[in-house]
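Written out below as structure tokens is the structure these notes cover.
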Amino acid sequence: MQGRVFYSSLPPISKTYGTLCLFFTTAYQFGLYHPKYIALIYERVFLHFEVWRLITNFFFLGQFSINFGIRLLMIARYGVQLENGPFQRRTADFLWMMIFGAFTLLALSVIPWFWSPFLGVSLVFMLLYVWSREFPNANINIYGLVSLKAFYLPWAMLALDVIFGSELQPDLLGILAGHLYYFLTVLHPLAGGKNILKTPMWVHKLVARWGIGAPTYSHAQPDRTQGICISQIDPLKNDLDLWCGLVAPAMLAELQKQLKPQEITGIMNDFAEPGHLAPTGLHLAGTKYMVIQGEPGAVIRGKKGSGGVTIKKTGQALVFGIYEEPVTPGQCNMVVERLGDYLTDQGL
């Protein structure tokens, strides 16, 4: 019963991918098929039109073994934490990350040294790498022997795989694909570049058609200890008179005093016309933030050094989350967006 509840609570994309990996390995163990029929063999793909190999090779993580169990646990932990954290209520974005990672791995595997008949391990390692960048300061303990920051976990796992005799290429491929995704969606926009990897509309439509990742609202009161302030405004008049705060009154008063009407105008213009703030940056209380990937018309995200800001628009309010280390961007995004969804559910 508890297992069923746990399985039902898993987010849709990680749950589906993990289930397919388990299904393919179980079917192989029972002798229902031979892996050669689902392996990535480009000659069979292009000369015999066996195009299913471009997809099925991602679902085989090897036969039942300790390594298989570790890879499956990586999906259950790191994939789920990503989907429930930085990608909370962004199912289409998470699916697009997986699709982009798969295409990247397929392209890299054309290079003979990188080729592998099965790219599932590489895709799992990509999830691990992206997780390590989203939660860089998390403390990780490896087999009870070594403690380190999550930022170094992919390299530690790669080193362990090499020590225990596993191939280097699958892990390295996953790191390369994960870094390319993180560079294009976070690092490049932070440096002033344009985000060229926005989630296509067809992915959003696909998620909507499947009915996955639908919002789950809770009528519980939002957590009042997270350091978030809400500015309730009239989008047409930029009225800053009505405030309610989830921070100390003195801090709220200081924020209200420092915010300028033109800053709110710029924010509202970016919600109306996504990309409006990209050339000039996001200014908030006199601080300039570099605009990074958000959700057009719904969420604006900014970065400055080790800190940043997340702004969620509801029907009648803006929810601001300003953070510094040790708080991570993913943690801030999760709190702000969940609170914004709660307000939206209340008609605010």
Side-chain angles (χ1 to χ4, degrees), residues 86 88-90 93 184-199 201 204 226-247 250-325 327-344 348:
Q88 173 76 16
R89 302 182 60 78
R90 296 171 55 204
D93 293 338
L184 292 176
T185 57
V186 178
L187 299 181
H188 183 58
L190 276 176
K194 183 179 180 181
N195 179 14
I196 59 176
L197 202 61
K198 292 182 178 179
T199 304
M201 186 54 64
H204 288 282
Q226 301 292 338
I228 305 297
C229 67
I230 309 170
S231 167
Q232 186 169 345
I233 66 171
D234 183 329
L236 298 179
K237 299 179 181 179
N238 295 324
D239 183 2
L240 298 176
D241 292 335
L242 296 177
W243 286 76
C244 63
L246 303 186
V247 296
M251 184 183 298
L252 182 61
E254 187 64 24
L255 284 172
Q256 183 178 5
K257 187 186 305 181
Q258 292 181 4
L259 276 175
K260 301 176 178 61
Q262 58 267 32
E263 294 175 344
I264 298 298
T265 299
I267 292 171
M268 296 308 301
N269 287 340
D270 193 82
F271 279 124
E273 301 176 12
H276 173 79
L277 291 175
T280 60
L282 167 63
H283 292 80
L284 193 64
T287 302
K288 180 179 178 180
Y289 297 87
M290 191 73 69
V291 178
I292 59 176
Q293 183 185 30
E295 298 178 45
V299 178
I300 298 173
R301 300 186 181 95
K303 198 86 167 76
K304 179 179 174 63
S306 60
V309 61
T310 301
I311 307 173
K312 168 78 173 181
K313 181 177 180 292
T314 71
Q316 301 180 37
L318 294 180
V319 183
F320 295 82
I322 303 173
Y323 65 92
E324 292 286 350
E325 286 188 337
V327 177
T328 68
Q331 291 169 332
C332 181
N333 293 341
M334 179 174 63
V335 172
V336 171
E337 293 176 34
R338 283 183 175 177
L339 181 54
D341 293 333
Y342 171 82
L343 293 176
T344 300
L348 297 175

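Remember, it's a predicted structure, so these values are computed and weren't measured experimentally.
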Quiz prompt | Check: L282 and I300 side chains under 4.5 Å, non-hydrogen atoms | solution = yes
Self-check item: G305 backbone acceptor or donor facing K303 side chain under 3.5 Å
Solution: yes
Self-check item: OG1-CZ distance between T199 and R90, expressed to the nearest 0.5 angstrom
Solution: 7.0 Å
Quiz item: Taking all atoms of both residues into account, what is the closest heavy-atom pair of F320 and V336, and its distance?
Solution: C-CG2, 4.3 Å
Exercise. Only one of I292, T287, V291 passes side-chain contact (heavy atoms from CB on, under 4.5 Å) with Y289; say which it is.
Key: T287
Exercise. Given side-chain contact (heavy atoms from CB on, under 4.5 Å), test I311 with V319 step by step and report yes or no.
Key: CA-CA 5 Å; I311 307 173; V319 183; over 6 Å; no
Quiz prompt | Closest heavy-atom pair and its distance - K304, K288 | solution = CD-O, 3.3 Å
Quiz item: Any idea which heavy atoms bring G321 and C332 closest together, and the distance?
Solution: O-SG, 3.6 Å
Quiz item: Which heavy atom of I267 sits nearest a heavy atom of L277, and at what distance?
Solution: CA-CD1, 4.3 Å
Quiz item: If you round to the nearest 0.5 Å, how far is CE of M268 from NE2 of H276?
Solution: 11.5 Å
Quiz item: At what distance, to the nearest 0.5 angstrom, does CD1 of I264 lie from CG of L318?
Solution: 6.0 Å
